[in-house]
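As structure tokens, the structure follows; a few thoughts come after it.
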Amino acid sequence: MSRDWHDWYRGYDDPSSSLSRRLETVRACLESLLRSADRPLRLLSLCAGDGRDTLPVVAATGATVTGVLVELDPVLAGRARAAAPAGLEVRTADAGTAASYAGGVPADVLLACGVFGNVSDDDVARTVTALPSLLAPGGCVIWTRGRRVPQDPSTHAGDPAELVRSLFADAGFEEVSYVADESGFRVGVHEWPGPTRTPPAEGRLFSFV
Ligand SMILES: C[S@@+](CC[C@H](N)C(=O)[O-])C[C@H]1O[C@@H](n2cnc3c(N)ncnc32)[C@H](O)[C@@H]1O
């Protein structure tokens, strides 16, 4: 584990914080996807934390959702597991390797929130390129990126979220929505229009720096 994440979650304690507003934005994106679905959806959340961006939305919409939340920290994963409805499995595992989602893909909705600001540009590119192998046709990715985060791992000049957007575009994704908040957070939703791809030979997508 790259750091102790429990401190980071304190940002959620203040409902007016940038992190809390980011959470509301992610929840709204997920709610929109769940409410517009006319069939049960399969969900995959990478680095899911305690599932607060996902589980309350599933409960509020009453949507039929199955799938997997992957979180490395056992305490956070345990909280998510305690709150998860039947059908949503919480795995205490390394989300950086595709082996951790075995049986849980292809997903209709994939969350990569709080991931891209913690990995190198190469790993962001590797992950975005691999996402079509984790998504069902028409599947959507909800992702976040801070404009600049402490000890930012990106070497991209300018806003690293723009690099993420361009990687999605280059990989053939269609942008559904994009929010760039003045406080610094960015939330994107990208849809995969093609068929599910064969997974890349390299099973590792990213490692937190
Ligand atoms: C920035 S937080 C984001 C949590 C959640 N997605 C959210 O936005 O509220 C990053 C999370 O990734 C988890 N994490 C770090 N490395 C991981 C890995 N290799 N596999 C799975 N989870 C990991 C941390 O424990 C932490 O909960």
Side-chain angles (χ1 to χ4, degrees), residues 1-15 17-31 33 43-59 65 67-84 88-102 104-105 107 109-120 122-124 126-127 130-131 134 140-154 160-161 164 179 181 183-189 202-209:
M1 179 99 41
S2 55
R3 57 180 266 198
D4 177 355
W5 285 96
H6 293 248
D7 226 30
W8 180 88
Y9 281 84
R10 298 215 174 86
Y12 282 132
D13 292 346
D14 174 1
S17 70
S18 175
L19 192 61
S20 292
R21 288 192 291 115
R22 190 196 82 168
L23 175 67
E24 289 312 317
T25 306
V26 170
R27 284 176 171 169
C29 293
L30 179 59
E31 180 170 348
L33 293 176
L43 180 144
L44 173 63
S45 178
L46 311 183
C47 305
D50 58 9
R52 74 178 69 200
D53 50 10
T54 308
L55 302 174
V57 183
V58 172
V65 178
V68 176
L69 283 72
V70 187
E71 165 57 43
L72 196 55
D73 182 286
V75 174
L76 296 165
R79 281 187 204 141
R81 200 170 289 119
L88 274 179
E89 180 192 352
V90 180
R91 295 183 185 169
T92 309
D94 179 1
T97 174
S100 298
Y101 335 130
V105 291
V109 179
L110 188 151
L111 286 100
C113 298
V115 177
F116 292 153
N118 294 294
V119 306
S120 68
D122 283 351
D123 278 6
V124 177
R126 192 173 293 112
T127 303
L131 287 173
L134 303 176
C140 285
V141 183
I142 304 173
W143 59 272
T144 68
R145 185 39 162 123
R147 180 178 51 208
R148 278 290 162 198
V149 297
Q151 296 163 328
D152 200 306
S154 178
V164 179
V179 172
D181 190 84
S183 69
F185 71 79
R186 281 86 176 89
V187 179
V189 180
E202 168 62 65
R204 174 152 288 282
L205 309 184
F206 60 81
S207 302
F208 272 37
V209 293

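Side chains are part of it too, since the values below use all heavy atoms of this structure and drop only hydrogens, waters and symmetry mates. Remember, it's 1-based here, ligands and their atoms both numbered in the order they're listed. Index from 1, following the sequence.
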Could a heavy atom of Ser207 be found less than 4.0 Å from some atom of ligand 1? no
Taking all non-hydrogen atoms of both residues into account, name the closest pair between Gly146 and Arg186 and its distance. C-CD, 4.5 Å
Would Gly96 count as a polar contact of ligand 1, with the cut-off being nitrogen or oxygen pairs under 3.5 Å? no
Checking Tyr12 side chain against Ser17 main chain: does a donor-acceptor pair fall under 3.5 Å? no
Any nitrogen or oxygen of Phe206 lying under 3.5 Å from a nitrogen or oxygen in ligand 1? Just yes or no. no
Is Asn118 in polar range of ligand 1, meaning some N or O pair under 3.5 Å apart? no
Can you tell which of Arg204, Arg91, Arg22, Arg52 gets a heavy atom nearest to atom 8 (O) of ligand 1? Arg22
Suppose I only count heavy atoms of Cys113 and a 4.0 Å limit; which atoms of ligand 1 are within that range? 3 (C), 5 (C), 6 (N), 8 (O)
Sub-3.5 Å N/O-N/O distance, Asp94 and ligand 1: yes
Which atoms of ligand 1 are found less than 4.0 Å from any heavy atom of Tyr12? 7 (C), 8 (O), 9 (O)
Do you know the tightest heavy-atom contact between Val70 and Leu44? CG2-CD1, 4.2 Å
Modelled atom types, side-chain donor and acceptor of Ser183 and Arg22, under 3.5 Å: no
Per-atom filter on ligand 1: closer than 4.0 angstrom to a heavy atom of Gly49 are 27 (O)
Do any N/O atoms on Ala95 end up under 3.5 angstrom from N/O atoms on ligand 1? yes
When you check the gap from the basic side-chain N to the acidic O, do Asp152 and Arg145 get nearer than 4.0 Å? yes
Counting only heavy atoms, which portion of Leu76 has something under 4.0 Å from ligand 1: side chain, backbone, both, or neither? side chain
Closer than 4.0 angstrom: is that true for some heavy atom of Glu71 and an atom of ligand 1? yes
So which atom in Ala80 and which in Leu55 form the shortest heavy-atom distance, rounded to 0.1 Å? O-CD1, 3.4 Å
In terms of side-chain geometry, is the basic nitrogen of Glu24 or Arg21 positioned less than 4.0 Å from the acidic oxygen of its partner? no
Numbered in order shown, the ligand 1 atoms found under 4.0 Å of a heavy atom of Ala93 are 20 (N), 21 (C)
Can you confirm whether the side chains of Thr97 and Ser100 place a donor and an acceptor under 3.5 Å from each other? no
Determine whether Asp73 and Trp5 satisfy the following criterion, side chain to side chain contact (heavy atoms under 4.5 Å, CB included), listing intermediate values before the conclusion. CA-CA 8 Å; Asp73 182 286; Trp5 285 96; 5.6 Å; no
Taking only heavy atoms of Asp73, which atoms of ligand 1 are found under 4.0 Å from at least one of them? 25 (O)
